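The structure presented is a predicted model; accordingly, all values stated were derived computationally and were not measured. Start at 1 with the first residue, then count along the sequence. All heavy atoms count here, side chains included; hydrogens, waters and symmetry mates do not.
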Amino acid sequence: VTSSGKPVVLNSDGTVSEISQTGDGIGTPVDVGTGQPACSISVYNATADRTLLIYSESSVLKMRVAQVSGTSITLGTAVTISTGVPYYATACYVPDRGNDGVVILFYDSGTSTTKLFNTTITAGTNTVVQNTVYSSLTGITLGNGKLSRSSSSNSFIWSFVDNNNSSYGTCFAFNINSSTTITEGSKTVFESGSAYMVAPTYDSTASKTLIAWRYYSAPNRQIRAVVGTESSYSVSFGSTANVTALDTTYSDYVNAKYNVSSNKSFIAYRRGASPYPLYGVVATISGTSVTFGTENQLQSTQTDYPVLGYDPDTTKIYLWVNQESTNYLEVKEITFSGTDFTQSVWTQVGTNTDYYPGDPINNVAYDTTADTFVFCAGWASAGSNETDVFTYQFASTNLTASNFLGISDAAISSAASGNITIKGGIAATGLSSLTPASDYYVTNAGAIATSGDVKIGKALSATAINLEYTS
């Protein structure tokens, strides 16, 4: 506690902390690569404590390591991983594999094949190595989808539109059985019709994969979802559930993300006539079934590329879009409430326009050591073509509705004891400029004010507050 007159909270271990708030804003963008951006992906490797960036530059696909400290980013050396223009790049982190756990898949137009490999980030460094490349996947030349981790040890799933099989929605399971070796599991079909914008997310509590997608059968479209269960590197499915009605309404840009704290997932999608509004819904897995809360509109006018991220510190989902009306990247907070959700207003991210995350829409990485999102996005504006990486932190506070303890009488060093006037007492040290008879609150940032987040009492004078907590 830095001085007298500071609001403090009681921690679960019996110690106290001064109320504080961290984060809330964009770090300085760092130029990763130049040239027309076709894709931009960030994946956090928790074991290596590094984020791997995958992006296009000069008509090839590259990767490089990003190390985050606060809001600063240090980049490793770029490694070229394609021979031609890349398409449909996707990546995920398989936690069981540790430093070897980031897997990358993409279509390489230079060889006309889909390539798959895992990577190794050397411990304590910003060096990444491309391991054995697999370019002869059984029955696959071209597919558009996303990778996600799975329940079996060292496993992951590619959920995709199979261009070699009538654009059916398909899952292909794999196993990383050594630091450099990947083996195929089985391919299984979850949509025997035309699928588009396939968006999987792994539910770590249920050990299931929720897959959302846009179904199309001229002239009708529909947003659908299904629960996938992986066992022995093969995926089986429950019954398909309909997120929206089957009709001629336009729909696209489907994405999904699991909220660990709420044990539910969020699905975002566009549907409706021009200007193509954006909607969202909460999805809950039970066994092999999925149910949905109430659909709510997220934006009435056109937005592009809905990117999702989960912040374990605030336990909320965040949604980034490119606003068509302004071309700015904007973000809003999604708070789960039972099987429904509430949403904040949009906040502009930085001052650059035309940030482009690419297709498929890969979700944003969260660095759990630096407590920040690490966002990688192509930037095409005013003649500039490059890929940027930047941190984005949302405000996080140690204040809750029930843990306010009182106001400090003096500074208290770490691990030392000190005096605190607690609820029910009169705090009269280190306070000034109060308005007598006014109710006072503490804000999430630790300020004492006449409005705020938690009510603490009533001012008796310009220098004293009665912490009776009931006025």
Side-chain angles (χ1 to χ4, degrees), residues 43-47 88 90-98 100-105 114 116-119 134 137-140 143-162 164-165 168-179 181-192 195 197-213 224-241 243 254-260 263-267 283-291 308 310 360 362-363:
V43 180
Y44 180 62
N45 185 317
T47 302
Y88 310 134
T90 179
C92 75
Y93 174 57
V94 181
D96 300 329
R97 291 307 315 175
D100 310 318
V102 176
V103 184
I104 300 173
L105 181 147
T114 292
L116 171 68
F117 57 89
N118 72 314
T119 61
Y134 296 86
L137 304 179
T138 301
I140 298 296
N144 184 3
K146 294 200 289 188
L147 296 177
S148 59
R149 59 168 291 196
S150 190
S151 56
S152 292
S153 178
N154 303 318
S155 68
F156 62 97
I157 296 170
W158 183 30
S159 304
F160 66 105
V161 177
D162 190 345
N164 298 104
N165 188 24
Y168 285 179
T170 305
C171 280
F172 203 160
F174 298 90
N175 171 42
I176 309 175
N177 57 12
S178 77
S179 61
T181 307
I182 296 174
T183 57
E184 292 183 3
S186 300
K187 283 189 299 181
T188 48
V189 171
F190 60 82
E191 173 58 79
S192 298
M197 285 282 177
V198 176
T201 187
Y202 180 66
D203 183 327
S204 57
T205 302
S207 297
K208 309 283 186 182
T209 300
L210 177 67
I211 306 168
W213 71 97
R224 295 178 172 180
V226 73
V227 176
T229 304
E230 181 267 319
S231 178
S232 301
Y233 317 114
S234 179
V235 184
S236 59
F237 307 100
S239 299
T240 297
V243 181
V254 186
N255 205 355
K257 185 65 178 178
Y258 177 62
N259 183 320
V260 178
N263 190 24
K264 301 178 190 303
S265 296
F266 186 72
I267 304 174
T284 305
I285 289 178
S286 178
T288 59
S289 300
V290 58
T291 55
L308 296 171
Y310 172 68
N362 289 275
N363 287 327

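- In this structure the side chain of Leu116 never reaches within 4.5 angstrom of the side chain of Trp158, judged on heavy atoms.
- Judged as a ring-ring contact (aromatic ring centres under 6.0 Å, His included), and not counting sequence neighbours, the contacts of Phe172 are Phe174.
- Checked against ring-ring contact (aromatic ring centres under 6.0 Å, His included), Phe190 has the following partners two or more places apart in sequence or in another chain: Trp213, Phe237.
- Partners of Ser152 under the side-chain contact (heavy atoms from CB on, under 4.5 Å) rule, at least two apart in sequence or in another chain, are Ser155, Glu230, Tyr233.
- Of the options Thr90, Leu147, Val102, a side-chain contact (heavy atoms from CB on, under 4.5 Å) to Val43 is made by Val102 and by none of the others.
- When the salt bridge (charged side-chain N to carboxylate O under 4.0 Å, His left out) test is applied to Asp100, the partners found at least two apart in sequence or on another chain are Arg97.
- Judged purely by distance below 3.5 Å, without hydrogens or angles, the side chains of Lys257 and Thr201 never pair a donor atom with an acceptor atom.
- With sequence neighbours excluded, no residue satisfies salt bridge (charged side-chain N to carboxylate O under 4.0 Å, His left out) with Arg149.
- Remark: Ser178 pairs with Thr181 by the side chain to side chain donor-acceptor pair (under 3.5 Å) rule, at least two apart or across chains.
- In this structure, the separation between CD on Glu191 and OG1 on Thr170 is 9.5 Å, given to the nearest 0.5 Å.
- Side-chain atoms of Asp203 and Tyr258 form a donor-acceptor pair, as typed in the model, at a separation below 3.5 Å.
- When side chains are defined from C-beta on, Thr114 counts as touching Leu105, because their heavy atoms get closer than 4.5 Å.
- At least one donor-acceptor pair closer than 3.5 Å links the side chain of Asn118 to the backbone N or O of Ser179.
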